[in-house]
Student: 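Can you read through this structure? Questions will come right after.
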Amino acid sequence: MSDSPMPPTVQDVADWWATAVSRVEPDVIELRGRPVQEIIGGMSFVAVIWLLLRGEPPTPAQEKLLEVALVSSVDHGPHAPSIAVARIAATCGIGLNNAVASAVNTLGDVHGGAGEQCMRMLAEVAARAETGEPVERAASSVVAKWRARSRYLPGYGHRFHTVDPRRDPLLRHVEEAVADGTVAGGYLRAAVAVEQILATGRARPVPINVDGCTAVIYGELGFAPPLARGLFVLSRSVGILAHAWEETGQGRRNKGPIPPSITPTYLPGSGHALET
C-alpha cells in the first residue's frame, strides 16, 4: 500500500489561493463582494484602499482622514533617499517600473519605518491611559523605555525642519475628527503627551513629524501598525513616480549621487567611516 500523498484536486488548488479580497471569474470582477462596475466612478481611490484593507467601505469622515494622511507623505524631494534612488535609477535605462521598485525597496526600518514604530509606541501609551493611568505619566514611562533602546524616538524631530510643515494641518484634522466623533482621540492624546515631554527643559523642542502624525491617524482609524508602513509606501510611490518620470525627461545618463566635479573623500588604511 502506497504512502505517497494523493494528487491535489482542482478544489485543493482553488482553496490554496482562497481570498476574501477579490473574486475574478469570466465576466465577473468583485472587490470585497462589490461588483467593480459599481466601484468604478462610485468610490474614490482612497475609499477603495480602505475597502480592500478593511473589508467594508469607510464613512465619508474616515475617508477624509485617511486621505489627508496619504497626501501628506507623497513627496519630500531628493533629500529623501527613496526619491534620490528613483531619480538615479531612472537614468540607468531600466524603465519606470524598475525605478519605482528600486526606490520602494529603500523604504525600511530607518527610511519609511518610523510611522509603524511610532504607532507601536503610541499604542503603548494609549493602552496604559485606557486603564486609568494619567496619559502624561504613561507617556513618560514609555518614552523612557524606548529611549533605553535607542536615542532616536520614532515620529519626533526632523533632520531638515525645525517644525515639520505637515504637523499642524494633520493634527488639526485629527482634532476635528475627535470633536465630531469619528475617532476616539487616544492616539492623539498620547502623541501630544510625548511631544510635551520632549519639549520640557530643552532649548529646542522636538516636535512630532509627519511619520508621527500619520501614525496618529492610522492608529485612530484602527489600522494595524504594519499597515502604517504599507500605507506610507503607497503614498510615497506617487512622489517616486513623479520624480522618476521627470528625471527621464532631463537627458542624464548614469546619474550618480553627487556631481562628477565632486569626488568622495578617500580614507586610506583602515577604511573606517568618518565620525559624524
Student: Do the side chain of Thr214 and the main chain of Asp211 share a donor and acceptor less than 3.5 angstrom apart?
Tutor: yes
Student: If you round to the nearest 0.5 Å, how far is CG of Asp75 from OG of Ser235?
Tutor: 9.5 Å
Student: For the atom pair CG (Leu221) and CG (Leu227), what is the distance rounded to the nearest 0.5 Å?
Tutor: 11.5 Å
Student: Residues sharing Phe232's hydrophobic cluster, by side-chain heavy-atom contacts under 4.5 Å among ILVMFWY, directly or via others?
Tutor: Ile83, Leu96, Val100, Val104, Leu107, Val233, Ile240, Leu241, Trp245
Student: Report, as yes or no, whether the 6.0 Å neighbourhood of atom CZ on Arg137 holds more than 12 heavy atoms from other residues, nucleotides or ligands.
Tutor: no
Student: Which heavy atom in Gly212 sits nearest to a heavy atom in Leu122, and how many Å separate them?
Tutor: O-CD1, 4.5 Å
Student: According to side chain to side chain contact (heavy atoms under 4.5 Å, CB included), who are the partners of Gln196, at least two apart in sequence or on a separate chain?
Tutor: Val192
Student: What closest approach, in Å, do Ala84 and Pro78 show between heavy atoms, and which atom pair accounts for it?
Tutor: CB-O, 3.6 Å
Student: According to ring-ring contact (aromatic ring centres under 6.0 Å, His included), does anything in residues 58-105 pair up with another residue at least two apart or in another chain? List the pairs.
Tutor: His76-His158, His76-His161, His79-Phe160
Student: Does Val68 belong to the same Ile/Leu/Val/Met/Phe/Trp/Tyr cluster as Leu234, with side-chain heavy atoms less than 4.5 Å apart forming each link?
Tutor: yes
Student: Grab the two heavy atoms, one from Arg236 and one from Ala80, that are nearest each other, plus how far apart they are.
Tutor: NH1-CB, 3.7 Å
Student: When rounded to the nearest 0.5 angstrom, what is the spacing between CG in Leu171 and CD in Glu195?
Tutor: 7.0 Å
Student: Any donor-acceptor pair under 3.5 Å linking the side chain of Tyr218 with the backbone of Pro226?
Tutor: no
Student: Between Phe45 and Ile49, is there a side-chain heavy-atom distance shorter than 4.5 Å?
Tutor: yes
Student: Does any non-hydrogen side-chain atom of Glu67 lie less than 4.5 Å from one of Ser44?
Tutor: no
Student: Do side-chain atoms of His111 reach the backbone of Thr106 as a donor and acceptor pair under 3.5 angstrom?
Tutor: no
Student: Between Ala90 and Ala244, which heavy-atom pair has the shortest distance, and what is it?
Tutor: CB-O, 3.6 Å
Student: Hey, mind stepping through His173 and Ile217 against side chain to side chain contact (heavy atoms under 4.5 Å, CB included) and telling me if it holds?
Tutor: CA-CA 9 Å; His173 279 288; Ile217 291 177; 5.7 Å; no
Student: Any sub-3.5 Å donor-acceptor pair from Glu63's side-chain atoms to Pro58's backbone N or O?
Tutor: no
Student: Please report the interatomic distance CE(Met119) to CZ(Phe223), rounded to the nearest 0.5 Å.
Tutor: 8.5 Å
Student: Can Met43 be reached from Val46 by stepping across I, L, V, M, F, W or Y side chains whose heavy atoms are under 4.5 Å apart?
Tutor: no
Student: Who are the salt bridge (Lys or Arg N to Asp or Glu O under 4.0 Å) partners of Arg87, not counting sequence neighbours?
Tutor: Glu246, Glu247
Student: Regarding Asn105 and Ser102, is there a side-chain donor-to-acceptor distance under 3.5 Å anywhere?
Tutor: no
Student: With a 4.5 Å limit on heavy-atom distance, are the side chains of Leu198 and Val194 in contact?
Tutor: yes
Student: Report yes if some heavy atom in the side chain of Glu220 is under 4.5 Å from a heavy atom in the side chain of Val216; otherwise report no.
Tutor: yes
Student: Indicate yes or no: at least one non-hydrogen side-chain atom of Asp109 is less than 4.5 angstrom from one of Gln117.
Tutor: yes
Student: Could you tell me whether the side chain of Arg32 and the main chain of Glu56 form a donor-acceptor pair under 3.5 Å?
Tutor: no
Student: Shared ILVMFWY cluster between Ile88 and Val85, side chains joined below 4.5 angstrom?
Tutor: no
Student: Is there a side-chain contact between Cys213 and Arg166 (heavy atoms, below 4.5 Å)?
Tutor: no
Student: Just jot down the side chain to side chain contact (heavy atoms under 4.5 Å, CB included) partners of Ala193, sequence neighbours excluded, or say none.
Tutor: Val135, Ala139
Student: Take Leu70 and Leu231, measure what side chain to side chain contact (heavy atoms under 4.5 Å, CB included) needs, and give me the verdict at the end.
Tutor: CA-CA 7 Å; Leu70 291 172; Leu231 290 166; 4.2 Å; yes
Student: Report yes if some heavy atom in the side chain of Asn254 is under 4.5 Å from a heavy atom in the side chain of Cys92; otherwise report no.
Tutor: yes
Student: Check salt bridge (Lys or Arg N to Asp or Glu O under 4.0 Å) between Glu116 and all other residues, then give those that pass, not counting sequence neighbours.
Tutor: Arg120, Arg229
Student: Quick one: closest heavy-atom pair of Cys118 and Tyr156, and the distance?
Tutor: SG-CE1, 4.2 Å
Student: How close do Val178 and Ala184 get, counting heavy atoms only, and between which atoms?
Tutor: CG1-O, 4.1 Å
Student: Enter the distance from Gln250:CD to Lys255:NZ here, rounded to the nearest 0.5 Å.
Tutor: 6.0 Å
Student: Does Val48 belong to the same Ile/Leu/Val/Met/Phe/Trp/Tyr cluster as Leu66, with side-chain heavy atoms less than 4.5 Å apart forming each link?
Tutor: no
Student: Are Leu153 and Val206 connected into the same hydrophobic cluster when the rule is that any two of I, L, V, M, F, W, Y join if their side-chain heavy atoms are below 4.5 Å apart?
Tutor: yes
Student: Might you confirm whether atom CZ of Arg151 has over 12 heavy atoms from other residues, nucleotides or ligands at distances under 6.0 Å?
Tutor: no
Student: Roughly how far apart are Leu51 CG and Arg34 CZ, rounded to 0.5 Å?
Tutor: 6.0 Å
Student: Do the side chain of Glu30 and the main chain of Arg23 share a donor and acceptor less than 3.5 angstrom apart?
Tutor: no
